[in-house]
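Let me give you the structure first, and then I'll get to my questions.
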2 protein chains.
Amino acid sequence: MEIREAFAQNLRALRRARGLSQEELAHQAGIDRTYISALERNVYNPSIDVVDRLAEVLGVDVAELLKRPAADPQRSKSELDE
Amino acid sequence: MEIREAFAQNLRALRRARGLSQEELAHQAGIDRTYISALERNVYNPSIDVVDRLAEVLGVDVAELLKRPAADPQRSKSELDE
DNA sequence: ATGTGACTCCAAGTCCGTC
DNA sequence: TGACGGACTTGGAGTCACA
């Protein structure tokens, strides 16, 4: 799995866990609203600066945003992106 | 401290710890030698994809490359970038 | 073995809007 | 509230020559 995809999923999950809209998150992080939307849809490959600013607003370490989901042993290997 | 700076320092430290030259690291990561040089001098704000490729070659988690050094309580606050 | 300036190319990132 | 498009500017990605 590409790190962009893991980031996209983590971003959306963490934002929702905080009860924030894309617009609120964008505003607090000083990032454009449409760019947040694109990031969550895995359209772009963000710079570490952007990731860092988002992590700060979400109150997590950068590592949390970039963490790949643990492989589920129930699922066959062919279902995973590599 | 900006995350770019932490990344630059970590990259150089980890590369040297592996006994690799910029040229060897560049080759293994499929990146130009001069670009590695620039990253270690904090010239660029790299994308997470580049960081991920370097982490893979260095055999560490992405989080290791982006970790900020622990604040040294011996040093005064004015010596730190914030 | 590394730093640096100059250069191109196109993705990152912004800002406007509509659905 | 979020997906998505178009047009735009900035700056990362990547290469080369030279010190």
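Chain letters run A, B, ... following the sequence lines, proteins first, then strands; residues in each count from 1.
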(request) Could you encode protein contacts along nucleotides 14-19 of chain C as a string, one character per nucleotide from 5' to 3', using B for base contact, S for sugar-phosphate-only contact and - for no contact, with a heavy-atom cut-off of under 4.0 Å? (result) BBBB--

(request) Please step through side-chain hydrogen bond (donor to acceptor under 3.5 Å, both in side chains) for the pair B:Arg4 and B:Asn42, ending with a clear verdict. (result) CA-CA 6 Å; B:Arg4 286 174 48 166; B:Asn42 190 16; 3.0 Å; yes

(message) Expressed as a whole number of angstroms, how long is the span from B:Phe7:CZ to D:dG12:C1'?
(response) 13 Å

(request) Check DNA chain D against residues 17-28 of chain A and give the residues with a non-hydrogen atom under 4.0 Å, in numerical order. (result) A:Ser21, A:Gln22

(request) Would you check if B:Leu25 and B:Leu58 make a side-chain contact, meaning some heavy-atom pair closer than 4.5 Å? (result) yes

(request) Report yes or no: do A:Asp49 and A:Ser47 form a side-chain donor-acceptor pair below 3.5 Å? (result) no

(message) So that I can compare with my own list, what are the stems of DNA chain D, taken as at least three consecutive Watson-Crick or G-U pairs with distances under 3.5 Å?
(response) C:2-19 with D:2-19

(request) Specify the separation, in whole Å, of atom CD1 of B:Ile3 and atom P of D:dG12. (result) 15 Å

(message) Side chain of A:Val50, heavy atoms from C-beta onward: which of D:dA3, C:dT2, C:dG13 has the nearest atom to it?
(response) C:dG13

(request) Would you check if A:Gln22 and A:Arg15 make a side-chain contact, meaning some heavy-atom pair closer than 4.5 Å? (result) yes

(message) If I take atom CG in residue A:Asp52 and atom P in nucleotide C:dG13, what distance separates them, rounded to the nearest angstrom?
(response) 13 Å

(message) Expressed as a whole number of angstroms, how long is the span from B:Arg16:CZ to C:dA1:P?
(response) 13 Å

(message) Does any part of the side chain of A:Asn10, heavy atoms only, come nearer than 4.5 Å to the side chain of A:Leu66, both counted from C-beta?
(response) no

(message) Output the rounded distance in Å from CD1 (A:Ile48) to P (C:dA12).
(response) 15 Å

(request) Pick base, sugar-phosphate or nothing for B:Arg12, based on heavy-atom distances below 4.0 Å to the nucleic acid. (result) sugar-phosphate

(message) Quick check: do B:Glu5 and B:Gln9 have side-chain heavy atoms less than 4.5 Å from each other?
(response) yes

(request) Grab the CZ-P distance between B:Arg4 and C:dA12 for me, whole Å please. (result) 17 Å

(message) Looking at B:Gln28, I'd like to know if its CD atom is crowded, meaning that more than 12 non-hydrogen atoms belonging to other residues, nucleotides or ligands lie closer than 6.0 Å.
(response) yes

(message) Quick one, A:Leu54 and A:Phe7 - any side-chain contact, counting heavy atoms below 4.5 Å?
(response) yes

(request) Measure the spacing between OG of B:Ser37 and CD1 of B:Ile31 and express it to the nearest 0.5 Å. (result) 13.0 Å

(request) Please report, rounded to the nearest Å, how far the P atom of C:dA12 is from the CZ atom of A:Arg41. (result) 13 Å

(message) Check the phosphate of D:dA3 against A:Ser37, side-chain N and O only, distance under 4.0 Å to OP1 or OP2. Yes or no?
(response) yes

(message) When you compare the side chain of B:Lys67 with that of B:Val60, does any pair of heavy atoms fall below 4.5 Å?
(response) no

(request) Name the residue closer to the 5' end of DNA chain C, choosing between A:Val43 and B:Arg15 according to the nucleotide with the nearest heavy atom. (result) B:Arg15

(request) Starting at atom CG of A:Asp49, determine the distance to atom C1' of C:dG13, rounded to an integer number of angstrom. (result) 11 Å

(message) Between B:Glu40 and B:Arg16, is there a side-chain heavy-atom distance shorter than 4.5 Å?
(response) no

(request) Answer whether the closest heavy-atom distance between the side chains of A:Tyr35 and A:Val50 falls below 4.5 Å. (result) yes

